[in-house]
Amino acid sequence: MTEASEAPFTKWDPDNGPSAEADREAVPKAKPYKHPAAGWGAAIAVGKFMILKEHEPFIGTYGMFKMNQYQGGFDCPGCAWPDARDGLILDVCENGIKHTTWEMTHNRTTPEFFAEHTVSELATWSDYDLENQGRLTHPMVYDAKTDHYVPISWQDAFEMAGKAIRELPDPNLASYYTSGRLANEATFLYQLMIRETGTNNMPDCSNMCHEASGRGLQASLGTGKGTCDLDDWDQSDALFIMGLNAASNTPRMLTALAKAYKRGAQIVHINPFIEAGARDTIIPHDIPSMVLFQTTPTSTLNLQVRVGGDFALIRGMAKATLEECDTNPKVINHEFINRYTVGFDDWMAEVKGTTWADIQKQSGLSETEIRKAAQIYCDAKSSIISWCLGVTQHEHGVETIREIVNLLLCRGNLGREGAGPSPVRGHSNVQGNRTCGIDNHPPKAWIDRLNEVCKINAPYEDGLDVVGTIEAMQAGKIKVFMSMGGNFVQAAPDSAYTYEAFQKCDMTIIVSTKLNRSHVIHGKQALILPCIGRTEHDHQRSGQQVISMENGMAVVHLSKGMKKPASRHLKSEPAILAGIAKQALPNTKTPWEWYVEDYDRIRDTMSKVLEGFEDYNRRVRLPLGFRIRQPARELIFLTPSGKAEFSSVRMPDTLPPEGKFSLFTTRSQDQWNTTIYTDNDRYRGIKNLRTLIFMNKHDMKDLGLKEFDEVDITSYARDGSTRQLLKYKVIQYNMPRGCTAGYMPEMNVLCAIGDYSTESRQPLMKSVKVTVVPSKN
Ligand SMILES: Nc1nc2c(c(=O)[nH]1)N[C@H]1C(S)=C(S)[C@@H](COP(=O)(O)OP(=O)(O)OC[C@H]3O[C@@H](n4cnc5c(=O)[nH]c(N)nc54)[C@H](O)[C@@H]3O)O[C@H]1N2
Ligand SMILES: Nc1nc2c(c(=O)[nH]1)N[C@H]1C(S)=C(S)[C@@H](COP(=O)(O)OP(=O)(O)OC[C@H]3O[C@@H](n4cnc5c(=O)[nH]c(N)nc54)[C@H](O)[C@@H]3O)O[C@H]1N2
Ligand SMILES: [Mo]
């Protein structure tokens, strides 16, 4: 729990101005937050965060002006939304600033701190308290005799990590996790080291996030990425925003939505919740709007789909579109379909065979509502369909994404301005990680090229992903676990099972900036290797280094740190990797140290291995960086048929079993994945409470529940096993019946390890089947 947790929890009082919010007495009113997203509420929250919490007004403000600037700034370490291409000063958001300030904190987690606390004690601390100790300063090793982390020299740490890897009888006994912040250069070295040891065991956070998007788009269009860029967002006539909370998780998208509204575009939000970003916003860098409290709507239609009902909704829109074609044949673009696609007729038959009754039942929406969305789609010359975790973390995520593409294809909404699929990625470089080789089932051609250029013998066999790694740990088949960033044990599903599995490892090696659960739940031997952050100078032999990332719209651009590192004992991620690699691979021919001396050398090698990275060093230094070519955007489809492929499947049944609710896990407004800033969720009107479950008022009534009553939540896994959370507080919320929601990572306890999508292997974090009963005292 956070420092504020002693205070009473409440929902916000929405009747006063945003400036009053944070300080007001707790008044438990059952009304949602009604102020615009971003704007002053965000500005005030930022000011409070920087000044009260991190005591960083100067660096915070200076950092704001240096963030996301193409000439010499650093890339926001937050989300993957692209930077404004018009050189906008202050192209920043509340959460980006918090994220940056959190990294720049004055607090330090020193050897003295570790001497004061046993690891068993730290394991009882909250996620907030662990990270709130501040930046890690020294490499540390676990001492089982005293149950403390104690300092270790870098050289000894490298030798220890290297030995653990080197002495494995089979390289597949190690698994290497990546969280999506790792820059391209370190990512490339990481995968090179892993593959040189002889494995493709590369779980990454994408396995929990957008694996379904990659697979769906690859199957339909022959590319794992969206085809749109920010210019398309600025030109589209209709934007469909599915399953994402823009105000909290991609706040800079609000600018694009407000701009779209102003030029008369339609904006349809599809979400069980009406999130703050689906109402209105005050654009933070639009000074007149800020001064005049001028709000701009960010939505023209909200459809509160049932959890898991997105496939049905898209199918309904497709059905209405095909029906419209009977009277208005131009609605379907037959020329496009004939020239560029296969499978249209089969899909059409499948759509026509799906009844409105079933569509309504599955989506939780009426035919009229769905027809409204379809009419918007049919009237628009160009449409973008965008989505995030509300679509992907489901059993039928891949099929839903393919149905989205089907709908786009039938009107030729691809390969032209303002049109196409546009998944919204999570971590700032999660897309770059995949591009640069973090892939547990790499294409053969990719490995061929890596082997040829880097003169190694990388394996071709598939490796383990997140779920596979945890299961292998439980079975004793993973002895060494390493991670570059992230918080594996806490981000993963089925916390109890995952903790237990993790502790079976002989060695856990965690490269990170702050203390988290994956350090205090650990292997028999454990290393904490602290690295410099994105905001900090990275000096190597040839001088200050720059790094690069790929945003969620495939633009690769440079980032340059500006601040003195948090401790002089820190090393950069490439330097740590090189140190370990040299020990792990005694016969290596890879010039690890030479690479680290000058990251241009890493980029030169990357330009030979990665398609689309030719002349990397020059092009990444262009003011706007460069965009990786998107064959599908040019209507070149790298699919087996050489065309865009319609998929035609029966509409899946996603209704929860009788008597159960569908529960989705989500982020609050004040957290970054497993990093909790406070226990507040401003836009959803919650203060000082995270152990809650959102429910529909009629469902509450049926169960005899009042707001803030305590309930026990039981989840039911496919294998029949159950998991529980006790004494969670019920919050009445505007959402469809039969649906419930609560926060990750607390609710990861409820997500069974075996409950992952058979299509994508993504854990079903938005589709947990639960019962809710009043707690017994
Ligand atoms: N501030 C901040 N920003 C972040 C992050 C963070 O933790 N904090 N995390 C980053 C990462 S790694 C990622 S992947 C993204 C995640 O960004 P989001 O996808 O926005 O993440 P969630 O908080 O899980 O929100 C899921 C949204 O989907 C909706 N939803 C739930 N179930 C369904 C469904 O069945 N159908 C539909 N249509 N909607 C549904 C929920 O109401 C919610 O609005 O954000 C990134 N940005
Ligand atoms: N139930 C449920 N579970 C989920 C989700 C959900 O929606 N529901 N979402 C999933 C998703 S989309 C994701 S992406 C994962 C998130 O999974 P992760 O990426 O594994 O988790 P984070 O919380 O982002 O990681 C935070 C840690 O990263 C480290 N860190 C920060 N900056 C740096 C850096 O520059 N370098 C290094 N080396 N380390 C750094 C810090 O030590 C910090 O403690 O969670 C997944 N889990
Ligand atoms: Mo993510």
Side-chain angles (χ1 to χ4, degrees), residues 77-81 93-96 98-99 102-103 127 130-131 136 177-183 186 204-210 241-246 248-251 269-275 277-278 303-310 313 387-394 400 424-428 430 466 483-493 510-519 529-535 573 576 654 662 664-675 677 694 735 739 741 743-751 762-763 765-768:
C79 77
W81 187 255
C93 72
E94 172 183 354
N95 277 308
K98 270 194 232 158
H99 204 103
W102 193 249
E103 180 174 297
D127 295 316
L130 291 174
E131 283 219 17
L136 293 157
Y177 179 64
T178 314
S179 160
R181 278 187 63 160
L182 200 65
D204 68 354
C205 66
S206 219
N207 296 151
M208 298 182 270
C209 203
H210 271 289
I241 316 289
M242 302 179 71
L244 65 88
N245 176 7
S248 295
N249 296 335
T250 323
H269 292 267
I270 295 157
N271 197 313
F273 282 2
I274 299 179
E275 302 278 26
L303 294 178
Q304 287 183 269
V305 71
R306 204 182 52 71
V307 171
D310 299 84
L313 165 67
W387 67 90
C388 197
L389 303 183
V391 170
T392 61
Q393 291 179 330
H394 282 288
T400 305
V424 175
R425 306 304 300 252
H427 275 292
S428 56
V430 63
V466 165
S483 86
M484 293 300 288
N487 186 359
F488 184 81
V489 300
Q490 202 65 345
I510 315 289
V511 179
S512 49
T513 52
K514 290 206 176 178
L515 189 60
N516 66 39
R517 187 81 37 212
S518 304
H519 306 100
L529 304 180
C531 62
I532 60 172
R534 187 163 310 165
T535 55
E573 283 156 330
I576 294 171
T654 61
S662 294
F664 70 82
T665 59
T666 185
R667 290 146 180 79
S668 76
Q669 190 270 334
D670 222 4
Q671 77 182 82
W672 179 275
N673 299 333
T674 66
T675 299
Y677 301 124
F694 294 105
M735 64 196 299
C739 303
Y743 298 126
M744 62 84 74
E746 290 84 345
M747 284 200 166
N748 292 30
V749 170
L750 298 175
C751 306
Q762 272 193 241
M765 289 158 164
K766 298 277 186 281
S767 180
V768 187

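Both ligands and their constituent atoms are indexed starting at 1 by order of listing. As the structure is a computational prediction, the values presented were derived from the model and not from experiment.
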Exercise. Which heavy atom of Q671 sits nearest a heavy atom of N673, and at what distance?
Worked result: NE2-O, 2.7 Å
Exercise. Which of the atoms of ligand 2 are close to N516, meaning less than 4.0 Å from one of its heavy atoms?
Worked result: 27 (C), 42 (O), 43 (C), 44 (O)
Exercise. What's the shortest distance from atom 15 (C) of ligand 1 to any protein heavy atom, and which residue and atom give it?
Worked result: G426 CA, 3.9 Å
Seminar exercise, completed: Near N245 (heavy-atom distance under 4.0 Å), the atoms of ligand 1 are 20 (O), 44 (O)
Exercise. Out of Y743, F694, F664, who gets a non-hydrogen atom closest to atom 31 (C) of ligand 1?
Worked result: F664
Seminar exercise, completed: the protein heavy atom lying closest to atom 39 (N) of ligand 2 turns out to be G485 CA, 3.2 Å
Seminar exercise, completed: To atom 38 (N) of ligand 1, the nearest of N271, V307, T250, D310 on a heavy-atom basis is D310
Seminar exercise, completed: atom 21 (O) of ligand 2 has as its nearest protein heavy atom N487 N, 3.6 Å
Problem set entry | Heteroatom distance test (T674, ligand 2): nitrogen or oxygen, under 3.5 angstrom | yes
Exercise. So do the side chains of F694 and F273 get within less than 4.5 Å of each other, counting heavy atoms only?
Worked result: yes
Exercise. Is there a donor-acceptor pair under 3.5 Å between the side chain of K514 and the backbone N or O of L136?
Worked result: no
For this session: Of the side chain and backbone of S512, name the one, both, or neither that has a heavy atom under 4.0 Å from an atom of ligand 2.
Result: both
Seminar exercise, completed: Of R667, E131, K514, the residue with the heavy atom nearest atom 44 (O) of ligand 2 is E131
Problem set entry | Set of residues satisfying side-chain contact (heavy atoms from CB on, under 4.5 Å) with respect to S662, sequence neighbours excluded | R306, V307, P656, K769
For this session: Considering heavy atoms of the protein only, find what lies nearest to atom 17 (O) of ligand 2 and give residue, atom and distance to 0.1 Å.
Result: A491 CB, 3.2 Å
Exercise. Nearest protein heavy-atom contact for atom 30 (N) of ligand 2: which residue, which atom, what distance?
Worked result: T513 OG1, 3.3 Å
For this session: State whether E103 and R181 are salt-bridged, where the test is any N-O pair (Lys NZ or Arg NE/NH1/NH2 against Asp/Glu carboxylate O) under 4.0 Å.
Result: yes
Exercise. What residue and heavy atom of the protein are closest to atom 6 (C) of ligand 2, and at what distance?
Worked result: Q393 NE2, 3.5 Å
For this session: Identify which of G486, S179, S483 has a heavy atom lying nearest to atom 28 (O) of ligand 2.
Result: G486
Problem set entry | Under 3.5 Å: N/O of H519 near N/O of ligand 2 | no
Exercise. Between R425, E746, M747, M744, which one has a non-hydrogen atom sitting closest to atom 5 (C) of ligand 2?
Worked result: M744
Seminar exercise, completed: atom 16 (C) of ligand 2 sits nearest the protein heavy atom N673 ND2, 3.5 Å
Seminar exercise, completed: Numbered in order shown, the ligand 1 atoms found under 4.0 Å of a heavy atom of C209 are 14 (S)
Exercise. Nearest heavy atom to atom 36 (N) of ligand 2: which of Q762, M765, E573, R181 does it belong to?
Worked result: E573
Problem set entry | Part of L389 with heavy atoms under 4.0 Å of ligand 2, whether side chain, backbone, both or neither | side chain
For this session: May I ask you to check whether G180 has an N/O atom sitting below 3.5 Å from an N/O atom of ligand 2?
Result: no
For this session: For H519, enumerate each residue passing the side chain to side chain donor-acceptor pair (under 3.5 Å) test, keeping only those at least two apart in sequence or located in another chain.
Result: S512, N516
Exercise. Judged by atom type as modelled, is there a donor-acceptor pair below 3.5 Å linking the side chain of Q762 to the main-chain atoms of H394?
Worked result: no
For this session: Just need the protein heavy atom nearest to atom 14 (S) of ligand 2, so name the residue and atom and give the distance.
Result: C205 CB, 3.6 Å
Exercise. Below 4.0 Å from any atom of ligand 1, is there a heavy atom belonging to V391?
Worked result: no
Exercise. Side chain of N487, backbone of S518: donor and acceptor closer than 3.5 Å?
Worked result: yes
Exercise. Does the side chain of H427 come within less than 4.5 Å of C209's, by heavy atoms?
Worked result: no
For this session: Give the residue and atom name of whichever protein heavy atom lies nearest to atom 8 (N) of ligand 2, and the separation in Å to one decimal.
Result: T665 OG1, 2.8 Å
Seminar exercise, completed: Q671 heavy atoms within 4.0 Å reach ligand 1 at atoms 1 (N), 2 (C), 6 (C), 7 (O), 8 (N)
Seminar exercise, completed: Going by the 4.0 angstrom heavy-atom rule, the piece of H394 near ligand 1 is side chain
Exercise. In terms of atom number and element, which parts of ligand 1 are under 4.0 angstrom from non-hydrogen atoms of P272?
Worked result: 30 (N), 33 (C), 37 (C), 39 (N), 40 (C)
For this session: Mind checking whether Q490 contacts ligand 2 via backbone (N, CA, C, O), side chain (CB onward), both or neither, at a 4.0 Å heavy-atom cut-off?
Result: neither
Seminar exercise, completed: Heavy-atom proximity to atom 18 (P) of ligand 2 ranks first, among Y177, W102, F488, W672, for Y177
Exercise. What's the spacing between N249 CG and E275 CD if we round to 0.5 Å?
Worked result: 8.5 Å
